[in-house]
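All of these numbers come straight from a predicted model, not from anything done at the bench.
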Amino acid sequence: MPENITQFYHAYDMIQLSWAGYILGAFLILTHAAALLFPKKVQGILSRSARNDKAAAILLAVDFLWFAIMLGGWGPFAPMKIWLYEFEGIRGLLIILCPITCILLITFIKDLLFPRALGMFGLLAAAPLLSAAFLKDPGTRLLIPIWSYIVITLSIFWIAKPYLYRNMVSALLARPRLWAPLCLTGIAYGIAVLVSSILYW
């Protein structure tokens, strides 16, 4: 068991709902606004993303570093440390396996690695948002879990079947009329989250 009761509280449990809303709202507004203002550039990046080995390697390294920090909890990252319960005895082994697994994936699984790395990042990023909104008031907090569970669902599919990401991007780019409505929807959702953060959370 943890050495003291404070170890039951993870860093994610201390994230304020309002700050989670500021971050998510700003992210949605900025990314969708950029896609709306610079469609050709963003579409070009998306069309090449599935087989972008450099971006995949960088994102995968971030994923495994994030996970290693949660395993190790070194220095200022101590509140990030997770409790492994019956797997506590292999914590050291898991930390060692993080860089080894990352290198092996980058070296030997280059085909559609980016969707897998993006899926892992989506799962990691959704966790603190869900923690911030867990059992909080008011009901508008559900804006965060709804978005988070969409990301989690897509992430699981992208990790297990990365070709789905490629197919989804291809289907989107083949329907240019959907681009502006989707961007505006993302901006509107981001504004709703941001306004809720300022007024209610």
Side-chain angles (χ1 to χ4, degrees), residues 11-12 15 20-71 80 82 94 97-133 143-176 178-179 181-183 185-187 189-190 193:
Y12 294 171
I15 299 174
Y22 296 147
I23 294 171
L24 178 58
F27 170 78
L28 290 173
I29 293 170
L30 292 175
T31 53
H32 288 87
L36 184 64
L37 295 173
F38 309 103
K40 296 297 182 183
K41 188 171 184 179
V42 174
Q43 289 171 9
I45 293 172
L46 281 176
S47 66
R48 299 186 298 269
S49 62
R51 299 187 182 277
N52 190 328
D53 294 340
K54 290 184 179 179
I58 293 171
L59 190 55
L60 197 65
V62 171
D63 294 339
F64 278 95
L65 178 60
W66 190 338
F67 186 58
I69 288 173
M70 293 180 68
L71 287 173
M80 290 278 292
I82 55 175
L94 292 175
L97 286 176
C98 278
I100 295 174
T101 305
C102 182
I103 293 171
L104 289 175
L105 287 174
I106 293 172
T107 304
F108 296 106
I109 308 181
K110 292 186 177 182
D111 188 43
L112 296 177
L113 182 60
F114 180 80
R116 294 184 173 98
L118 184 62
M120 294 178 193
F121 186 83
L123 294 178
L124 289 166
L129 294 175
L130 286 174
S131 293
L143 287 168
I144 290 180
I146 289 171
W147 184 86
S148 298
Y149 281 118
I150 291 173
V151 169
I152 289 171
T153 302
L154 290 173
S155 296
I156 291 172
F157 279 107
W158 292 345
I159 293 171
K161 298 181 177 181
Y163 64 85
L164 291 177
Y165 171 86
R166 178 199 60 199
N167 295 347
M168 291 170 68
V169 170
S170 298
L172 173 61
L173 297 181
R175 296 170 175 81
L178 291 177
W179 188 263
L182 288 175
C183 290
T185 300
I187 293 172
Y189 200 94
V193 172

Rounded to the nearest 0.5 Å, what separation is found between the CZ atom of F114 and the OH atom of Y165? 4.5 Å
D53: partners by salt bridge (charged side-chain N to carboxylate O under 4.0 Å, His left out), with sequence neighbours left out: none
Rounded to the nearest 0.5 Å, what's the gap from OG on S155 to OH on Y149? Could you check? 13.5 Å
With sequence neighbours left out, write down each residue that passes side chain to side chain contact (heavy atoms under 4.5 Å, CB included) with L154, or none if nothing qualifies. I150, W158, M168
What's the spacing between I29 CD1 and L36 CG if we round to 0.5 Å? 13.0 Å
Sequence neighbours left out, what passes side chain to side chain contact (heavy atoms under 4.5 Å, CB included) with I159? Give chain and number order. M120, L123
For S131 and P128, indicate whether the former's side chain and the latter's backbone hold a donor-acceptor pair under 3.5 Å. no
I'd like to check the salt bridge (charged side-chain N to carboxylate O under 4.0 Å, His left out) partners of R48; sequence neighbours left out, ordered by chain and number. none
Under the side chain to side chain contact (heavy atoms under 4.5 Å, CB included) test, residues paired with I100 that sit two or more places apart: I96, L104
Going by the side-chain hydrogen bond (donor to acceptor under 3.5 Å, both in side chains) test, which pairs reach into residues 107-124, not counting sequence neighbours? R51-D111
Roughly how far, to the nearest 0.5 Å, is CG of L97 from SG of C102? 12.5 Å
Just how far is it from atom CG of L129 to atom CD1 of I152, taken to the nearest 0.5 Å? 9.0 Å
Rounded to the nearest 0.5 Å, the OG1 atom of T185 sits from the NE2 atom of H32 at a distance of 8.0 Å
